[in-house]
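What follows is a short report on a single structure.
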Amino acid sequence: MHRSVCHFVPAVLLCLTLPLALFADQPPTAAELAEQIDRQIRSFQQVVEVTPSRQASDEEYLRRVYLDLAGRIPTVAEAREFLRDKSPDKRAELAKQLVDSGAHARHMATFWRRTWIPQGDTQEFRNLPEEFETWLTLELSSGAKYDEIVRKMLTVEIQDSTQSRASENLADRPAPESFLTASLRQPANLAANTTRAFLGLNLDCAQCHDHPFSRWTQEQFWETAAFFVRPSAKEAVGVDQFQVVIPETSKVVSATLFVDGEISWPEKLSQDSGRDALAHWVADSRNPYFAKNAVNRMWAHYFGVGLVEPLDDISEDNIALQPEILETLADAFVKSDFDLKLISEAIVRTEAYQRTSRASAGEEEQVDRLHYARMPVRGMSGEQLYDSLRTAAGMPAVRADLNAASRGGRDDRFSSSFFVEDPAQAERSILQTLTLMNGETTAEAIDPKQSPLIKVLVDAPFLNNDQKIDTLFLATLGRNPEAEELEMFVAHLQQADSTGEALSQMMWVLLNSAEFNTNH
């Protein structure tokens, strides 16, 4: 053996003889995680004898992944660039590009706010979302991990009106108190909302009495609520002060975990030590529910249905149809130190996510939702629809910056009127349909004098009628028109007295189509 090679042999042999356990805690790459999930889905489909549909076309995948990762449809330029790209790994590259984008951070800030603080969609708490989502967008953009964000939300120091909340630099401000405020800072509300939002447990079903169909007891509920009690500041705080009397009884219970485990109390206690101690346990990697709840909710975001349903019932009594996928995702989430981007990128790279939404012969809707034979059609959220309307019209992105003094506002009235509880089961109401057909947002998007897209198409002498229609379809539906569609639209354009009015009418038709209004 050549001497120069011999120098490397000991090191190589050492690596080969090291126990595999030393490498077991390394997180998988997005590609590795996606492949592992696909293997598990394929095995399950073979057992239940389900034949999956074909993979989605590039046009179908492009629109879907933009809506899910960026919260809007692609622009004409983005669509053309992707569709012209012939590289085999262009989907993986696009997924990586989107999860690293500011648009993804803003979109997921809305998703997590709605998950954690659904009260923000009510009239009573309508002022909470803006500040919280702005803060959360900055946290996600800076690479903050999921557990860090949750701890900040739960342990935020309660501010008074004279403290530094008015700082000009949003990044320097403490976490908003939105979660505490939405719970009215009441121990019972905080116990119920904390366990539901961050652990996926419907603990509040035991608030009034032991629930006949749940393992949780009334006593356990109030022991959890005791962590949120704030003892009087007039005397030294002790652990025994984090207590609460169960309503309509004389029984006093102390702050105690409702599962096996121990709370680490600090040596020096303060009024908020109970809340702080529980927050650190909630977001601990050893917590049996924390990671599973997060990845289950993310899976539901991308597929329209969770691995465990309902989403707030991750318990031993409610087993996932494919529990190995939930375990795989949760394990990867923990090993990656709660990297949200890894989970998002891996999911959209799976074969299951990339399947068409068009049914194959013999497929049933329920089988599709549970077995991932094809992608279910989902209703767009109000935010997705509003931003997609603006994108289609060639208007600038909403919330282009997050400076408090200059950031643009989202059309909250439009977004709230299209609130979707269950995207996979969403049906458009008559009021929503009329809003889209005749509302000011749509009117602005199709106005020949205001829509940048229509202005360009009218004034572009280098585009013939076929190319104008092609651009209109790419802008709205993310695809080229079929031959029959092209023929019909070109005929309408040729017969029109005004090119601008004809383009406006055709764009109205496309924006009000089911194809535009759904994520498919």
Would you mind checking if [Y] and [X] are paired as a salt bridge, meaning a charged N to carboxylate O distance below 4.0 Å?
X    : Y    : value
D147 : K145 : no
D68  : R378 : yes
R42  : E35  : yes
E327 : K292 : yes
E148 : K152 : no
D38  : R349 : no

Any donor and acceptor pair, going by atom type alone, linking the side chain of [X] with main-chain N or O of [Y] inside 3.5 Å?
X    : Y    : result
S101 : L98  : yes
H280 : D276 : yes
Q271 : P231 : yes
R113 : P129 : no
N318 : D313 : yes
R297 : F198 : no

How about [X] and [Y]: does a side-chain donor come under 3.5 Å of a side-chain acceptor?
X    : Y    : answer
E131 : S178 : no
N519 : R64  : no
S344 : Y302 : yes
S270 : D272 : no

Closest approach of [X] to [Y] (non-hydrogen atoms, all atoms of both residues):
X    : Y    : result
V50  : A373 : CG1-CB, 3.6 Å
T518 : A514 : OG1-O, 2.8 Å
L33  : A346 : CD2-CB, 3.6 Å
P176 : F132 : CG-CA, 4.0 Å
T137 : R106 : CG2-CG, 3.5 Å
P266 : S273 : CG-OG, 3.9 Å

What distance separates [X] [atom1] from [Y] [atom2], expressed to the nearest 0.5 Å?
X    : Y    : atom1 : atom2 : result
N293 : D312 : CG    : CG    : 9.0 Å
L389 : L436 : CG    : CG    : 6.0 Å
L329 : E324 : CG    : CD    : 10.5 Å
R126 : E124 : CZ    : CD    : 10.0 Å
Q322 : I37  : CD    : CD1   : 10.5 Å
F338 : I343 : CZ    : CD1   : 10.5 Å

Run V348 and V99 through side chain to side chain contact (heavy atoms under 4.5 Å, CB included) and show every step you take. CA-CA 10 Å; V348 301; V99 297; 5.6 Å; no
pair [X]-[Y]: side-chain heavy atoms closer than 4.5 Å:
X    : Y    : value
L203 : R196 : no
D387 : I73  : no
Q243 : V229 : no
Q220 : E223 : yes
F111 : E383 : no
Q354 : T350 : no
R390 : P396 : yes
L67  : H520 : no

Evaluation steps, side chain to side chain contact (heavy atoms under 4.5 Å, CB included), between E219 and F258: CA-CA 9 Å; E219 186 170 322; F258 55 89; over 6 Å; no
Going through the distances and angles, do T194 and F228 end up as a side chain to side chain contact (heavy atoms under 4.5 Å, CB included)? CA-CA 10 Å; T194 296; F228 294 100; 3.5 Å; yes
Is the distance between the ring centroids of F227 and W281 under 6.0 Å?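 Ring centroids of W281 and F227 are no less than 6.0 Å from each other.
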Do R275 and F242 meet the cation-pi criteria used here (NZ or CZ under 6.0 Å from the six-membered ring centre, within 45° of the axis)?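 That pair does not qualify as a cation-pi contact.
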Let me see the working for Q119 and N193 under side chain to side chain contact (heavy atoms under 4.5 Å, CB included), right down to the final yes or no. CA-CA 10 Å; Q119 300 93 331; N193 293 337; 3.4 Å; yes
Counting heavy atoms not belonging to I319, are there more than 12 under 6.0 Å from its CD1?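 Atom CD1 in I319 is not crowded, with 12 or fewer foreign heavy atoms closer than 6.0 Å.
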Residue from L94, T75, T391 passing side chain to side chain contact (heavy atoms under 4.5 Å, CB included) with Y66: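 Of L94, T75, T391, side chain to side chain contact (heavy atoms under 4.5 Å, CB included) with Y66 is met by L94 alone.
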Parallel, tilted or perpendicular for Y146 and F333, by the 30°/60° rule?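 It falls in the tilted class, 30° to 60°.
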Among F44, Y353, W299, ring pair (Phe, Tyr, Trp, His ring centres under 6.0 Å) partner for Y372: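 Only one option passes, and that is W299.
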Who are the side-chain contact (heavy atoms from CB on, under 4.5 Å) partners of A197, not counting sequence neighbours?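 Testing A197 for side-chain contact (heavy atoms from CB on, under 4.5 Å), a comparison that skips the adjacent residues, returns W116, F179.
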